[in-house]
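Heads up: the structure comes next, in structure tokens.
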Amino acid sequence: MALENIVNAAKSALKDVVSSPSADPISDRDEVLQDLHLAEKAWATDGVHSGVWFVRDGEHVAFTPTTRNGATLTIGGQTTNFIPADRFADYLVNMRAAIEAGEFDREIAGALHGSANVGELPRLRFRRLEKAVRKISGKCNRMLY
């Protein structure tokens, strides 16, 4: 009987680790929409070249939406999108409509609550880099100076 309790406790703990708690998409959206409002407000202010989520450089705007935990939202596979400055206000309006419609729920949840894929990317890149360095250093050791 005690072994069964230990196994059940381990199973429960493993479930908590593997499956993240379900997030409330509406409250997640609200946080992002509040930050989007700040970006819209800053963009509407004359003479502002940078604000929450954006930096204007000449005729283009670099748009990098981030969540309050510092994670970037991925839009179309990119964390930074470049939009012509004369169309940026329309872009923000369309972005608001898409967020309100729930089109970015998956991206928002991934940024706010983590994603298994996001955590794995840096390690894979590091392993490849480490392997390449070992290969190069092995060749350097065999070279005659």
Side-chain angles (χ1 to χ4, degrees), residues 6-145:
I6 292 171
V7 169
N8 287 336
K11 186 189 289 185
S12 175
L14 186 59
K15 272 186 186 177
D16 291 343
V17 170
V18 172
S19 63
S20 64
S22 62
D24 178 22
I26 294 171
S27 66
D28 290 348
R29 268 186 242 147
D30 287 342
E31 286 184 20
V32 174
L33 287 169
Q34 288 171 9
D35 291 341
L36 179 61
H37 175 72
L38 295 175
E40 291 169 328
K41 191 175 173 182
W43 181 254
T45 305
D46 289 335
V48 173
H49 291 283
S50 66
V52 177
W53 293 5
F54 72 88
V55 175
R56 182 177 183 162
D57 185 19
E59 296 299 315
H60 288 88
V61 178
F63 182 66
T64 308
T66 56
T67 58
R68 293 183 180 177
N69 65 355
T72 55
L73 289 176
T74 303
I75 301 171
Q78 302 293 318
T79 56
T80 300
N81 290 275
F82 298 92
I83 298 100
D86 59 342
R87 295 185 9 214
F88 188 62
D90 294 332
Y91 182 87
L92 292 175
V93 169
N94 291 330
M95 178 87 178
R96 174 174 290 285
I99 291 171
E100 288 172 344
E103 294 176 26
F104 287 102
D105 283 354
R106 189 169 142 220
E107 290 83 354
I108 292 169
L112 287 174
H113 307 291
S115 169
N117 292 335
V118 174
E120 196 63 27
L121 287 176
R123 280 187 26 212
L124 288 174
R125 183 176 177 174
F126 179 75
R127 285 183 192 153
R128 288 183 191 146
L129 184 61
E130 185 180 30
K131 186 176 179 181
V133 167
R134 271 192 263 135
K135 188 183 270 188
I136 291 170
S137 65
K139 288 180 181 176
C140 290
N141 289 340
R142 290 179 282 194
M143 291 181 177
L144 298 175
Y145 293 100

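In what follows, residues are counted from 1 in the order of the sequence shown. Because the structure is predicted, anything quoted here is derived from the model rather than measured.
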Does Arg56 use its side chain to pair, donor to acceptor, with the backbone of Gly58 at less than 3.5 Å?
->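 It does hold such a pair.
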If we only count heavy atoms from C-beta on, is the [X] to [Y] side-chain gap below 4.5 Å?
{"X": "Val48", "Y": "Trp43", "answer": "no"}
{"X": "Ile75", "Y": "Glu107", "answer": "no"}
{"X": "Thr80", "Y": "Thr72", "answer": "no"}
{"X": "Arg96", "Y": "Leu92", "answer": "no"}
{"X": "Leu33", "Y": "Glu100", "answer": "yes"}

Just wondering, are more than 12 heavy atoms of other shown residues or ligands nearer than 6.0 Å to CG in Asp57?
->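 It does not: Asp57 CG has 12 such atoms or fewer within range.
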Crowded around Arg68 CZ? As in, over 12 foreign heavy atoms under 6.0 Å?
->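 Yes - once you tally the heavy atoms of other residues, nucleotides and ligands closer than 6.0 Å, there are more than 12.
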How long is the gap from CD on Glu59 to CZ on Arg87, to the nearest 0.5 Å?
->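 Taking CD in Glu59 and CZ in Arg87, the distance rounds to 12.5 Å.
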Approximate separation, where rounding is to 0.5 Å, of Asp35 CG and Thr66 OG1 =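 Separation between the atoms: 7.0 Å.
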Go through the steps to decide whether Tyr91 and Asn81 satisfy the test side-chain contact (heavy atoms from CB on, under 4.5 Å), and finish with yes or no.
-> CA-CA 11 Å; Tyr91 182 87; Asn81 290 275; 4.2 Å; yes
Which atom names give the shortest non-hydrogen contact between [X] and [Y], and what distance separates them?
{"X": "Gly51", "Y": "Ala42", "result": "CA-CB, 4.4 Å"}
{"X": "Ala111", "Y": "Ala71", "result": "O-CB, 3.3 Å"}
{"X": "Thr74", "Y": "Thr79", "result": "OG1-CG2, 4.0 Å"}

Angle class for the Phe63/Trp53 ring planes (parallel below 30°, perpendicular above 60°, tilted otherwise)?
->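 It falls in the perpendicular class, over 60°.
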Out of Ile108, Leu36, Leu73, which one pairs with Pro65 under the side chain to side chain contact (heavy atoms under 4.5 Å, CB included) rule?
->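 In the set Ile108, Leu36, Leu73, the residue that makes a side chain to side chain contact (heavy atoms under 4.5 Å, CB included) with Pro65 is Leu73.
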Residues which pass salt bridge (charged side-chain N to carboxylate O under 4.0 Å, His left out) with Asp105, listed by chain and number, not counting sequence neighbours |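 For Asp105 the salt bridge (charged side-chain N to carboxylate O under 4.0 Å, His left out) partners, ignoring immediate neighbours, are Arg29.
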